[in-house]
Asks: 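A single structure is presented below for examination.
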There are 2 protein chains.
Amino acid sequence: MNPDALRGHMDALLLSVLEREPLHGYAIIEALQERSGGALSVPTGTVYPALRRLERIGYLSSEWATVGGRRRRTYRLTESGRRQLEGERSAWREFTGVIGSVLRAEASGPA
Amino acid sequence: MNPDALRGHMDALLLSVLEREPLHGYAIIEALQERSGGALSVPTGTVYPALRRLERIGYLSSEWATVGGRRRRTYRLTESGRRQLEGERSAWREFTGVIGSVLRAEASGPA
DNA sequence: TATCTACATATAGACAGCCTACATGTAGAC
DNA sequence: GTCTACATGTAGGCTGTCTATATGTAGATA
């Protein structure tokens, strides 16, 4: 998967994976991998800064927890983040529709 | 349309629009707009450098023409570009499949 | 005990590509 | 004379993803 292709869609992925339940960064990476059938390997250097950015914007909130001696920062969707996720979903549908319409235009041409 | 979303898909759009026939930059911009139902307004500062990049890579070739007193640089797909377009199309299908699978995962969760 | 792997977070700096803004020029309409 | 459409191009900004690196715990295994 070309990294550049993810540009602008990372937010949607992260918000989406947090829709069901709060998760910490490491678990988010695993969840993305799992949900994508192994196709998405998002590096930590992408995920952690992105989560902080989303928190700064107000789409996520976080709190520290210690589990088994290890420190985790658990992120949770805010109300604003939940609304944003809806927006991301419809933006995704529009995006795929638009690009798809260009890519699918038959080589034979219109009437 | 969020500009960042186009990242990494510009090549596919440009190659696709040139599949049918050679076009010059200005006409490519109009074709993108038309094929997308008006949704895609790609600025010249994006298109012209991208076309040059694609030519440098070898996916496009170009030649100057003068029509009605105006100079045009007409771009045409090379054989390599045609193969690349096939690759871009399958990459697009994979991309939408992967992102879609993450975004569509039901909030109710698996068994 | 030492070492390795999985778990867990974080930052600095590189990199790439899309964008805004600007520059330049012709043709034709009004 | 001015305005719009046509037509190409570059410089520099911006931003987000990536690579590489740093740090540290827990548990398995030799």
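Here is the naming used below: chain letters follow the sequence lines, and residue numbers restart at 1 for every chain.
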Asks: Separation of A/Leu6 atom CG from C/dG17 atom C1', in whole Å?
Replies: 15 Å
Asks: Rounded to the nearest 0.5 Å, what separates atom OG1 in A/Thr44 from atom CD1 in A/Ile29?
Replies: 6.0 Å
Asks: I want to confirm an ordering. Mapping A/Asp4 and A/Pro49 to their closest nucleotides on DNA chain C, which one lands closer to the 5' end?
Replies: A/Pro49
Asks: Distance under 6.0 Å and angle within 45° of the ring axis: does A/Arg71 meet both against A/Trp64?
Replies: yes
Asks: Please state how far atom CG in A/Leu54 lies from atom P in D/dT15, giving the value in whole angstrom units.
Replies: 15 Å
Asks: Whole angstroms only, please: what is the CZ-P distance between B/Arg73 and D/dT10?
Replies: 8 Å
Asks: Is a salt bridge present between A/Glu94 and A/Arg89, judged by a nitrogen-to-oxygen distance below 4.0 Å?
Replies: no
Asks: Report yes if a side-chain nitrogen or oxygen of A/Arg72 is closer than 4.0 Å to either non-bridging phosphate oxygen (OP1 or OP2) of C/dA8; otherwise report no.
Replies: yes
Asks: Quick check for you: among C/dC19, D/dA5, D/dG16, whose closest atom lies nearest to any side-chain atom of B/Tyr26?
Replies: D/dA5
Asks: List the protein contact pattern of nucleotides 20-30 of chain C with one symbol per nucleotide (5' to 3'): B for base contact, S for sugar-phosphate-only contact, - for none; contact means a heavy-atom distance under 4.0 Å.
Replies: B-----BB---
Asks: If you check every side-chain atom of A/Arg52, which of C/dA10, D/dT10, D/dG16 has the closest atom?
Replies: C/dA10
Asks: Are OP1 or OP2 of C/dT9 and a side-chain N or O of A/Tyr48 less than 4.0 angstrom apart?
Replies: yes
Asks: Give, for atom CG of B/Leu51 and atom CG of B/Leu18, the distance between the pair rounded to the nearest 0.5 Å.
Replies: 7.0 Å
Asks: A/Asp11 CG to D/dT15 P: how many Å, rounded?
Replies: 13 Å
Asks: Go through it in stages, so that I can follow the logic: the residues are B/Arg93 and B/Glu88, the test is salt bridge (charged side-chain N to carboxylate O under 4.0 Å, His left out), and I'd like the CA-CA distance, side-chain angles, deciding distance and then a yes or no.
Replies: CA-CA 9 Å; B/Arg93 279 189 293 270; B/Glu88 295 282 355; over 6 Å; no
Asks: Report the distance from atom CG of A/Leu60 to atom C1' of C/dT9, rounded to the nearest whole Å.
Replies: 16 Å
Asks: In whole Å, what is the span from the CG atom of A/Leu51 to the P atom of C/dA8?
Replies: 14 Å
Asks: Can you see whether B/Arg73 engages B/Ser62 through a side-chain donor-acceptor pair at a distance of less than 3.5 angstrom?
Replies: yes
Asks: Of the options B/Val47, B/Leu6, B/Ile28, which is the one that meets B/Val42 in a side chain to side chain contact (heavy atoms under 4.5 Å, CB included)?
Replies: B/Val47
Asks: Expressed in angstrom and rounded to an integer, what is the separation of A/Arg56 atom CZ from C/dA10 atom P?
Replies: 14 Å
Asks: Hey, what bend do you get for the helix from C/dT1-D/dA30 to C/dC30-D/dG1 if you fit axes on five pairs at each end, rounded to 10°?
Replies: 0°
Asks: Regarding D/dT15, can its base be found pairing with the side chain of A/Arg7 as donor and acceptor, where the two atoms are less than 3.5 Å apart?
Replies: yes
Asks: Distance check needed: C/dA8 C1' versus A/Glu63 CD, whole Å only.
Replies: 17 Å
Asks: Indicate whether any N or O donor in one side chain lies under 3.5 Å from an N or O acceptor in the other, for B/Gln33 and B/Ser41.
Replies: yes
Asks: With rounding to the nearest 0.5 Å, note down the distance linking CG in B/Leu40 to CZ in A/Phe95.
Replies: 9.0 Å
